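Below, chain A is the first sequence line, B the second, and so on; all start at residue 1. Bear in mind that the values here come from a model prediction, so they are computed numbers and not experimental data.
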Amino acid sequence: MKEGEDQFYINKIKEGNTDLYAVLVDRYKNMAYTIAMKVLGNKDDSQDVAQESFIKAFQQLHTFKGNSKFSTWLYTIVYRTAISKWKGNRLETQSIDDSIHERFTHEQTFQPYNQLQIKDEQEFVNQAIQRLPRTEALLVTLFYINESSIKEIREITGLSLPNIKIKLFRARKKLERDLKFLMRPEMITRE
Amino acid sequence: MRKDNLKILLKKVELEQPSPDFTTEIMEELKLQQDHVLKSELKSVLQRNSEEFLPSNFTHVVMTEVHCEKIIVKPIISKKAWVIISGCFTAMFTLLLSMENRNVLPGGVTAYFVSLGTTLRMLLGSTSTLFLISFFSVSVLVMIDYFFQSIQKTQSKNNSPVS
(Lines give C-alpha, C1' and ligand atoms only; values in the text may rest on other atoms or scores of the structure.)
Protein backbone atom coordinates (compact mmCIF):
# COMPACT_ATOMS: atom_id res chain seq x y z
CA MET A 1 0.00 0.00 0.00
CA LYS A 2 2.87 2.34 0.88
CA GLU A 3 4.48 1.65 -2.52
CA GLY A 4 1.35 2.84 -4.31
CA GLU A 5 1.30 5.99 -2.20
CA ASP A 6 4.97 6.66 -2.88
CA GLN A 7 4.43 6.32 -6.63
CA PHE A 8 1.50 8.74 -6.44
CA TYR A 9 3.70 11.37 -4.75
CA ILE A 10 6.60 10.71 -7.13
CA ASN A 11 4.34 11.26 -10.16
CA LYS A 12 3.06 14.52 -8.70
CA ILE A 13 6.62 15.70 -7.96
CA LYS A 14 7.67 14.87 -11.53
CA GLU A 15 4.75 16.96 -12.78
CA GLY A 16 6.16 19.92 -10.87
CA ASN A 17 4.53 19.72 -7.45
CA THR A 18 7.87 19.63 -5.62
CA ASP A 19 6.42 20.54 -2.21
CA LEU A 20 5.12 16.99 -1.96
CA TYR A 21 8.72 15.77 -1.71
CA ALA A 22 8.51 16.73 1.98
CA VAL A 23 6.12 13.79 2.49
CA LEU A 24 8.73 11.33 1.23
CA VAL A 25 11.47 13.00 3.27
CA ASP A 26 9.40 12.75 6.46
CA ARG A 27 8.54 9.13 5.76
CA TYR A 28 12.08 7.85 5.18
CA LYS A 29 14.42 10.28 6.93
CA ASN A 30 14.88 8.26 10.14
CA MET A 31 15.78 5.01 8.41
CA ALA A 32 18.09 6.87 6.00
CA TYR A 33 19.82 8.44 8.99
CA THR A 34 20.00 5.09 10.78
CA ILE A 35 21.64 3.46 7.75
CA ALA A 36 24.18 6.28 7.54
CA MET A 37 24.88 5.92 11.28
CA LYS A 38 25.59 2.22 10.89
CA VAL A 39 28.15 2.94 8.17
CA LEU A 40 29.75 6.07 9.60
CA GLY A 41 29.14 5.85 13.35
CA ASN A 42 29.13 9.63 13.61
CA LYS A 43 26.02 11.77 14.10
CA ASP A 44 27.15 14.87 12.21
CA ASP A 45 28.49 13.00 9.19
CA SER A 46 25.39 10.79 9.13
CA GLN A 47 23.10 13.81 9.12
CA ASP A 48 25.09 15.35 6.26
CA VAL A 49 24.93 12.11 4.32
CA ALA A 50 21.17 11.77 4.90
CA GLN A 51 20.64 15.33 3.69
CA GLU A 52 22.91 14.89 0.67
CA SER A 53 21.16 11.65 -0.23
CA PHE A 54 17.70 13.21 -0.22
CA ILE A 55 18.97 16.03 -2.46
CA LYS A 56 20.58 13.52 -4.85
CA ALA A 57 17.38 11.47 -4.88
CA PHE A 58 15.39 14.57 -5.80
CA GLN A 59 17.84 15.44 -8.58
CA GLN A 60 17.68 11.90 -9.97
CA LEU A 61 13.95 11.37 -9.43
CA HIS A 62 13.36 11.53 -13.18
CA THR A 63 15.46 8.33 -13.52
CA PHE A 64 13.33 6.38 -11.02
CA LYS A 65 11.20 4.02 -13.12
CA GLY A 66 9.35 2.24 -10.30
CA ASN A 67 11.02 -1.16 -10.94
CA SER A 68 11.84 -1.35 -7.23
CA LYS A 69 10.43 0.27 -4.12
CA PHE A 70 11.26 3.94 -3.69
CA SER A 71 12.69 3.17 -0.24
CA THR A 72 15.07 0.57 -1.71
CA TRP A 73 16.22 3.03 -4.38
CA LEU A 74 16.65 5.80 -1.81
CA TYR A 75 18.56 3.60 0.67
CA THR A 76 20.91 2.54 -2.15
CA ILE A 77 21.79 6.20 -2.64
CA VAL A 78 22.22 6.64 1.14
CA TYR A 79 24.47 3.59 1.37
CA ARG A 80 26.70 4.64 -1.53
CA THR A 81 26.93 8.22 -0.29
CA ALA A 82 27.84 6.98 3.19
CA ILE A 83 30.50 4.63 1.81
CA SER A 84 32.01 7.49 -0.25
CA LYS A 85 32.06 9.69 2.83
CA TRP A 86 33.60 6.93 4.92
CA LYS A 87 36.33 6.33 2.32
CA GLY A 88 36.95 10.06 2.19
CA ASN A 89 37.28 10.32 5.96
CA ARG A 90 39.45 7.20 6.41
CA LEU A 91 40.58 8.16 9.89
CA GLU A 92 39.06 6.37 12.85
CA THR A 93 37.83 9.00 15.31
CA GLN A 94 36.17 8.74 18.63
CA SER A 95 32.77 10.35 18.83
CA ILE A 96 32.34 13.05 21.48
CA ASP A 97 29.21 11.23 22.58
CA ASP A 98 31.26 8.43 24.17
CA SER A 99 28.46 7.12 26.36
CA ILE A 100 27.01 5.55 23.24
CA HIS A 101 30.26 4.53 21.57
CA GLU A 102 32.18 2.93 24.43
CA ARG A 103 33.67 -0.34 23.32
CA PHE A 104 32.90 -3.60 25.06
CA THR A 105 34.06 -7.11 24.34
CA HIS A 106 31.67 -9.98 23.94
CA GLU A 107 32.93 -11.48 27.19
CA GLN A 108 31.73 -8.39 29.10
CA THR A 109 29.18 -9.34 31.75
CA PHE A 110 25.95 -7.39 31.55
CA GLN A 111 23.69 -5.94 34.17
CA PRO A 112 20.63 -8.06 34.85
CA TYR A 113 17.54 -6.94 32.94
CA ASN A 114 15.58 -5.87 35.99
CA GLN A 115 18.14 -3.13 36.67
CA LEU A 116 17.71 -1.50 33.27
CA GLN A 117 15.28 1.30 32.55
CA ILE A 118 13.74 1.70 29.07
CA LYS A 119 16.34 4.31 28.06
CA ASP A 120 19.11 1.96 29.21
CA GLU A 121 17.51 -0.80 27.16
CA GLN A 122 17.76 1.37 24.04
CA GLU A 123 21.38 2.21 24.76
CA PHE A 124 22.14 -1.41 25.45
CA VAL A 125 20.63 -2.59 22.17
CA ASN A 126 22.48 0.15 20.28
CA GLN A 127 25.75 -0.85 21.92
CA ALA A 128 25.16 -4.49 21.04
CA ILE A 129 24.63 -3.53 17.39
CA GLN A 130 27.65 -1.24 17.37
CA ARG A 131 29.84 -4.09 18.62
CA LEU A 132 29.05 -5.91 15.39
CA PRO A 133 31.23 -5.37 12.32
CA ARG A 134 30.00 -2.42 10.26
CA THR A 135 28.44 -4.49 7.48
CA GLU A 136 26.65 -6.85 9.87
CA ALA A 137 25.25 -3.91 11.83
CA LEU A 138 23.87 -2.45 8.60
CA LEU A 139 22.37 -5.78 7.51
CA VAL A 140 20.69 -6.21 10.90
CA THR A 141 19.21 -2.71 10.56
CA LEU A 142 17.88 -3.37 7.07
CA PHE A 143 16.58 -6.89 7.73
CA TYR A 144 15.10 -6.64 11.23
CA ILE A 145 14.25 -2.98 11.66
CA ASN A 146 13.35 -1.96 8.12
CA GLU A 147 12.08 -5.49 7.27
CA SER A 148 13.78 -5.44 3.88
CA SER A 149 13.92 -8.70 1.98
CA ILE A 150 17.26 -10.32 1.19
CA LYS A 151 16.88 -9.28 -2.46
CA GLU A 152 16.29 -5.67 -1.48
CA ILE A 153 19.35 -5.78 0.77
CA ARG A 154 21.35 -7.12 -2.17
CA GLU A 155 20.13 -4.21 -4.29
CA ILE A 156 21.06 -1.66 -1.62
CA THR A 157 24.47 -3.00 -0.60
CA GLY A 158 25.62 -4.90 -3.68
CA LEU A 159 26.54 -7.95 -1.57
CA SER A 160 25.74 -11.42 -2.88
CA LEU A 161 22.78 -13.39 -1.49
CA PRO A 162 24.89 -16.09 0.24
CA ASN A 163 27.12 -13.41 1.76
CA ILE A 164 24.12 -11.56 3.16
CA LYS A 165 22.64 -14.72 4.64
CA ILE A 166 25.90 -15.75 6.30
CA LYS A 167 26.49 -12.31 7.79
CA LEU A 168 22.90 -12.08 9.03
CA PHE A 169 23.18 -15.50 10.65
CA ARG A 170 26.41 -14.54 12.43
CA ALA A 171 25.01 -11.21 13.55
CA ARG A 172 21.83 -12.84 14.83
CA LYS A 173 23.77 -15.36 16.91
CA LYS A 174 25.86 -12.63 18.51
CA LEU A 175 22.83 -10.45 19.22
CA GLU A 176 20.82 -13.35 20.63
CA ARG A 177 23.66 -14.05 23.03
CA ASP A 178 24.04 -10.39 24.03
CA LEU A 179 20.35 -9.53 24.21
CA LYS A 180 18.69 -12.72 25.37
CA PHE A 181 17.95 -11.28 28.78
CA LEU A 182 15.89 -8.56 27.05
CA MET A 183 13.69 -11.18 25.43
CA ARG A 184 10.80 -12.91 27.21
CA PRO A 185 12.08 -15.25 29.98
CA GLU A 186 10.33 -18.32 28.54
CA MET A 187 12.31 -17.85 25.32
CA ILE A 188 15.67 -18.19 26.98
CA THR A 189 17.07 -21.70 26.48
CA ARG A 190 18.24 -23.65 29.48
CA GLU A 191 21.92 -24.32 29.11
CA MET B 1 -8.05 -64.03 36.61
CA ARG B 2 -9.10 -63.57 33.04
CA LYS B 3 -8.24 -59.87 33.27
CA ASP B 4 -4.77 -60.63 34.58
CA ASN B 5 -4.21 -63.13 31.79
CA LEU B 6 -5.28 -60.52 29.25
CA LYS B 7 -2.90 -58.01 30.77
CA ILE B 8 -0.02 -60.45 30.63
CA LEU B 9 -0.88 -61.26 27.03
CA LEU B 10 -1.06 -57.64 25.98
CA LYS B 11 2.25 -56.81 27.64
CA LYS B 12 3.88 -59.38 25.43
CA VAL B 13 2.94 -57.42 22.32
CA GLU B 14 5.89 -55.45 20.99
CA LEU B 15 5.45 -51.74 20.39
CA GLU B 16 5.67 -50.34 16.88
CA GLN B 17 9.10 -48.88 16.18
CA PRO B 18 9.44 -45.56 14.38
CA SER B 19 12.39 -44.85 12.06
CA PRO B 20 15.87 -44.85 13.68
CA ASP B 21 16.33 -41.08 13.24
CA PHE B 22 12.90 -40.21 14.65
CA THR B 23 14.28 -38.59 17.79
CA THR B 24 16.80 -36.57 15.78
CA GLU B 25 14.03 -35.29 13.48
CA ILE B 26 11.87 -34.26 16.42
CA MET B 27 14.76 -32.43 18.09
CA GLU B 28 15.61 -30.64 14.86
CA GLU B 29 12.01 -29.59 14.39
CA LEU B 30 11.88 -28.26 17.95
CA LYS B 31 15.14 -26.43 17.39
CA LEU B 32 13.75 -24.82 14.20
CA GLN B 33 10.63 -23.71 15.99
CA GLN B 34 12.57 -22.22 18.85
CA ASP B 35 14.93 -20.60 16.37
CA HIS B 36 11.92 -19.01 14.67
CA VAL B 37 10.58 -17.74 17.98
CA LEU B 38 13.97 -16.35 19.02
CA LYS B 39 14.21 -14.60 15.66
CA SER B 40 10.82 -12.94 16.23
CA GLU B 41 11.80 -11.92 19.75
CA LEU B 42 15.09 -10.47 18.57
CA LYS B 43 13.30 -8.59 15.81
CA SER B 44 10.86 -7.18 18.32
CA VAL B 45 13.67 -6.03 20.64
CA LEU B 46 15.61 -4.46 17.77
CA GLN B 47 12.58 -2.68 16.32
CA ARG B 48 11.68 -1.24 19.73
CA ASN B 49 15.11 0.14 20.40
CA SER B 50 17.43 0.89 17.57
CA GLU B 51 16.07 3.37 15.05
CA GLU B 52 17.92 6.68 15.06
CA PHE B 53 16.00 9.96 14.92
CA LEU B 54 16.87 13.19 13.16
CA PRO B 55 16.23 16.71 14.49
CA SER B 56 12.77 18.09 13.71
CA ASN B 57 14.00 20.74 11.23
CA PHE B 58 15.67 18.19 8.92
CA THR B 59 12.80 18.12 6.42
CA HIS B 60 12.73 21.92 6.32
CA VAL B 61 16.47 22.05 5.56
CA VAL B 62 16.13 19.49 2.76
CA MET B 63 13.13 21.26 1.21
CA THR B 64 15.01 24.60 1.25
CA GLU B 65 17.78 23.00 -0.79
CA VAL B 66 15.23 21.32 -3.08
CA HIS B 67 13.60 24.68 -3.83
CA CYS B 68 17.04 26.16 -4.63
CA GLU B 69 17.50 23.37 -7.18
CA LYS B 70 14.46 24.64 -9.11
CA ILE B 71 15.96 28.10 -9.74
CA ILE B 72 18.99 26.93 -11.77
CA VAL B 73 18.83 28.46 -15.27
CA LYS B 74 19.94 26.30 -18.16
CA PRO B 75 21.68 27.96 -21.15
CA ILE B 76 19.75 28.24 -24.41
CA ILE B 77 22.57 26.70 -26.43
CA SER B 78 23.81 23.61 -24.62
CA LYS B 79 27.46 22.66 -24.30
CA LYS B 80 27.01 19.83 -26.78
CA ALA B 81 25.54 22.22 -29.34
CA TRP B 82 28.58 24.50 -28.98
CA VAL B 83 30.90 21.56 -29.53
CA ILE B 84 29.03 20.57 -32.73
CA ILE B 85 29.13 24.18 -34.01
CA SER B 86 32.86 24.37 -33.25
CA GLY B 87 33.38 21.04 -35.01
CA CYS B 88 31.55 22.28 -38.12
CA PHE B 89 33.58 25.48 -38.28
CA THR B 90 36.82 23.56 -37.74
CA ALA B 91 35.88 21.17 -40.54
CA MET B 92 34.97 24.10 -42.83
CA PHE B 93 38.26 25.85 -42.26
CA THR B 94 40.21 22.64 -42.78
CA LEU B 95 38.28 22.06 -46.01
CA LEU B 96 39.01 25.59 -47.21
CA LEU B 97 42.69 25.13 -46.59
CA SER B 98 42.69 21.96 -48.70
CA MET B 99 40.73 23.56 -51.65
CA GLU B 100 43.91 24.04 -53.64
CA ASN B 101 44.12 20.35 -54.65
CA ARG B 102 41.15 19.75 -56.97
CA ASN B 103 42.08 16.20 -57.85
CA VAL B 104 41.39 14.80 -54.37
CA LEU B 105 37.59 14.52 -54.79
CA PRO B 106 35.42 13.09 -57.67
CA GLY B 107 34.28 15.50 -60.43
CA GLY B 108 30.72 16.58 -59.46
CA VAL B 109 31.48 16.79 -55.79
CA THR B 110 34.66 18.74 -56.48
CA ALA B 111 32.75 21.40 -58.44
CA TYR B 112 30.23 21.82 -55.60
CA PHE B 113 32.90 22.22 -52.93
CA VAL B 114 34.93 24.59 -55.09
CA SER B 115 31.91 26.88 -55.57
CA LEU B 116 31.20 26.65 -51.83
CA GLY B 117 34.82 27.44 -51.07
CA THR B 118 34.75 30.41 -53.45
CA THR B 119 31.59 31.81 -51.82
CA LEU B 120 33.03 31.33 -48.38
CA ARG B 121 36.30 32.98 -49.38
CA MET B 122 34.35 35.98 -50.67
CA LEU B 123 32.39 36.23 -47.40
CA LEU B 124 35.32 35.55 -45.19
CA GLY B 125 37.67 37.69 -47.24
CA SER B 126 35.95 40.72 -45.82
CA THR B 127 36.55 39.54 -42.28
CA SER B 128 39.87 40.35 -40.64
CA THR B 129 42.46 37.56 -40.65
CA LEU B 130 43.09 37.92 -36.91
CA PHE B 131 39.40 37.33 -36.16
CA LEU B 132 39.32 34.24 -38.34
CA ILE B 133 42.46 32.79 -36.77
CA SER B 134 41.13 33.46 -33.24
CA PHE B 135 37.79 31.86 -34.05
CA PHE B 136 39.50 28.84 -35.56
CA SER B 137 41.80 28.48 -32.53
CA VAL B 138 38.94 28.71 -30.04
CA SER B 139 36.98 26.05 -31.99
CA VAL B 140 39.93 23.70 -31.93
CA LEU B 141 40.50 24.30 -28.20
CA VAL B 142 36.83 23.60 -27.37
CA MET B 143 36.99 20.35 -29.35
CA ILE B 144 40.15 19.26 -27.53
CA ASP B 145 38.62 20.19 -24.12
CA TYR B 146 35.46 18.16 -24.85
CA PHE B 147 37.58 15.22 -25.96
CA PHE B 148 39.69 15.21 -22.78
CA GLN B 149 36.61 15.66 -20.51
CA SER B 150 34.96 12.62 -22.13
CA ILE B 151 38.09 10.56 -21.49
CA GLN B 152 38.18 11.76 -17.85
CA LYS B 153 34.51 10.89 -17.28
CA THR B 154 35.02 7.41 -18.75
CA GLN B 155 38.07 6.85 -16.54
CA SER B 156 36.31 8.01 -13.35
CA LYS B 157 33.35 5.69 -14.10
CA ASN B 158 35.72 2.75 -14.52
CA ASN B 159 37.63 3.60 -11.32
CA SER B 160 34.55 4.10 -9.08
CA PRO B 161 33.96 1.28 -6.56
CA VAL B 162 31.73 -1.49 -7.82
CA SER B 163 28.57 -1.58 -5.68
Next on the checklist: Surrounding CZ of B/Phe22 (heavy atoms of other residues, nucleotides or ligands, distance under 6.0 Å), is the total greater than 12?
Outcome noted: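 Check fails, neighbour count at 12 or below.
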
Checklist entry - More than 12 non-hydrogen atoms from neighbouring residues, nucleotides or ligands closer than 6.0 Å to NZ on B/Lys31, yes or no? => result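 Counting neighbours around NZ of B/Lys31, 12 or fewer heavy atoms of other residues, nucleotides or ligands fall under 6.0 Å, so no.
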
Item to check | Basic-acidic side-chain contact under 4.0 Å: A/Glu147, B/Lys43 | outcome: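 Looking at B/Lys43 together with A/Glu147, the answer is yes, because their closest N to O distance falls below 4.0 Å.
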
Minimum heavy-atom distance between [X] and [Y], given as atom pair plus value:
X	Y	answer
A/Leu175	B/Leu42	CB-CD1, 3.8 Å
A/Gln47	B/Pro55	NE2-CG, 3.6 Å
B/Leu54	A/Lys29	CD1-O, 3.4 Å
B/Gln47	A/Ile145	NE2-O, 3.6 Å

Checklist entry - Are any of the side-chain heavy atoms of B/Glu52 and A/Thr141 separated by less than 4.5 Å? => result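 No, side chains not in contact.
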
Checklist entry - Side chains of A/Val25 and B/Phe58: closer than 4.5 Å at any heavy-atom pair? => result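 A side-chain contact exists here, since the closest heavy-atom pair is under 4.5 Å.
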
Next on the checklist: Please classify the contact between A/Ala32 and chain B as side chain, backbone, both or neither, with a heavy-atom cut-off of under 4.5 Å.
Outcome noted: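 For A/Ala32, there is no contact with chain B at all, as no heavy atom is under 4.5 Å.
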
Checklist entry - In terms of heavy-atom proximity below 4.5 Å to chain B, should A/Tyr79 be classed as side chain, backbone, both, or neither? => result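 Contact with chain B involves no heavy atom of A/Tyr79 at all.
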
Checklist entry - Do B/Ile144 and B/Phe89 belong together in a cluster built from hydrophobic side chains that touch within less than 4.5 Å? => result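 Looking at the clustering, B/Phe89 is in the same group as B/Ile144.
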
Item to check | Residues A/Arg172, B/Asp35; criterion side chain to side chain contact (heavy atoms under 4.5 Å, CB included); working and verdict | outcome: CA-CA 10 Å; A/Arg172 185 161 69 90; B/Asp35 216 38; 3.3 Å; yes

